[in-house]
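Let me begin by presenting the structure, written as structure tokens, before commenting on it.
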Amino acid sequence: MSGSSSRPTAAPVPSKDYARQYRALAPELMPAIERVLLGDEPVLGAELSAFEGDFAAYLGRRHGVGVGTGTDALVLALRALGVGPGRAVLTAANTFVATVHAIRQVGARPVLVDPDPRSMLLDAAGAAAALDALDPAQASTAVLLPVHLYGRVCEPELAEFARARGLARIDDVAQAHGARDRDGVHAGSGADLACYSFHPSKNLGAFGDGGAIVTDQSELDGRLRVLRNLGKDGKYDVPEVAPNSKLDTLQAAILRVKLPHLDAWVERRREHAAIYDEGLRGVGDLELPGAGAGRHAYHLYVVRTERRDALRAHLSQCGVKASLHYPIPPHLQPAHVDLGYGAGSLPVAEQLAQTVLSLPVSHELEAREIERVVDAVREFFRG
Ligand SMILES: *Cc1c(COP(=O)(O)O)cnc(C)c1O
């Protein structure tokens, strides 16, 4: 780690690099892609069923259903549980806007809960307070929708709370493929339905959009297969209106090649995080993310600082791409102002929006690139 390594002339450090990922896997990917191109099942093909089985088995669940996007996974999960107009769905106020979109797409009411300021996640205390503030009729049918944001597993007390209060639970695991709790169990395992995204930027990504839902309940598995396919029950019977949202066979074939690499990729992300933990401890006013009790999957390595925008500009000058997740919380987006949460109503989420900064942590990056980021951050706070 020499001081000169953060000069703008050094090679840039991207936040992700799809071409690198492809090159590393090309010898495995190309035959799988060709198999689909030469086959006659581009939709609902054998590679899709095979991937659904592989993914469910990896997660220790009984069923997996591939769908078009992570957002659709949430929408279809809500519908499979019969969640619609009038139902309250408790979720984290600092989540990606897609979580809130999904709740509204089925006509339900998002109840946004300020996260715990240390973990940045929805916790049992926040969820309990939000549930108790609902009128009893709403509370008795409420659904809990925790988000394992940034790749960190929500605290086990949240699962205990859902169980104790008899809440149905849908987990948004779009950022936490490969994350495990303190008992080594995958994030989202206790949920009725756990929803994943395979957007290319996620820990396990397709080369396009994709998503999946896993469950142990065979009735829900059956419902999801109808709901992702225009509401068709069999070939010609269509008892209800539903989207057409299936994971493409081609994307499933690609994901099947990638899945066996996921644990090693998460390990690589954790090594990067350890370099940051070590190199950035006590630097300036930086608050480091912390790992929690389980196996954090570090989809994102999110630091906080009051000087976020200046630090980001400095990093950009050094060729380092740092991103924001997210600069505007869902309740302050024009799409959701009608929910009636004004500015100041969710102070933790609003404070996070102003201070969070995601440092590059992707598994395609090399340790020396992470060290270059450490140098550039330290240089900023020295300067
Ligand atoms: C990416 C993401 C989604 C949506 O996934 P898409 O596949 O992009 O639709 C939902 N929730 C969270 C937390 C995400 O990060």
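Computed from a predicted model, the values in this text were never measured in an experiment. Order of appearance sets the numbers: ligands from 1, and atoms from 1 within every ligand. Along the sequence shown, the residues carry numbers beginning at 1. These numbers come from the heavy atoms of this one structure, side chains and all, not from hydrogens, waters or symmetry mates.
- Atom OG1 of Thr305 sits about 11.5 Å away from atom CG of Leu280, to the nearest 0.5 Å.
- For a threshold of 3.5 Å applied to N or O pairs, the pair formed by Thr71 and ligand 1 contains at least one separation below that value.
- For atom 8 (O) of ligand 1, the closest non-hydrogen atom on the protein side is Ser197 OG, 4.0 Å.
- Between Glu28 and Arg256, none of the side-chain N atoms (NZ, or NE/NH1/NH2) sits under 4.0 Å from a carboxylate O, so this pair counts as no salt bridge.
- The closest protein non-hydrogen atom to atom 3 (C) of ligand 1 is Phe96 CD2, 3.7 Å.
- For His199, no nitrogen or oxygen atom sits less than 3.5 Å from a nitrogen or oxygen atom of ligand 1, counting backbone and side chain alike.
- For atom 10 (C) of ligand 1, the candidate residues are Asp72, Val147, Val67, Asp172; the nearest heavy-atom contact is made by Asp172.
- Close approach of ligand 1 to Ala174 is summarised as follows: ligand atoms under 4.0 Å from at least one heavy atom of the residue are 2 (C), 3 (C), 10 (C), 11 (N), 12 (C), 14 (C), 15 (O).
- Some N or O of Lys202 is nearer than 3.5 Å to an N or O of ligand 1, by distance alone.
- Ligand 1 has no atom lying under 4.0 Å from any heavy atom of His299.
- Within ligand 1, counting atoms from 1 as listed, the ones closer than 4.0 Å to a heavy atom of Thr99 are 11 (N).
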- prompt: Are Ile170 and Leu78 close enough, and set up right, to give a side-chain contact (heavy atoms from CB on, under 4.5 Å), and what steps lead you there?
  reply: CA-CA 8 Å; Ile170 296 173; Leu78 288 160; 3.6 Å; yes
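- Annotation: Phe198 is in aromatic contact with Phe51 [ring centroid separation under 6.0 Å].
- For Tyr298 and His272, the gap between ring centers reaches or exceeds 6.0 Å.
- A salt bridge is absent between Asp233 and Arg225; no separation between the charged side-chain nitrogens and carboxylate oxygens falls under 4.0 Å.
- Aromatic pair His101/His336: centroids less than 6.0 angstrom apart.
- Residue Gly70 has at least one N or O atom closer than 3.5 Å to an N or O atom of ligand 1.
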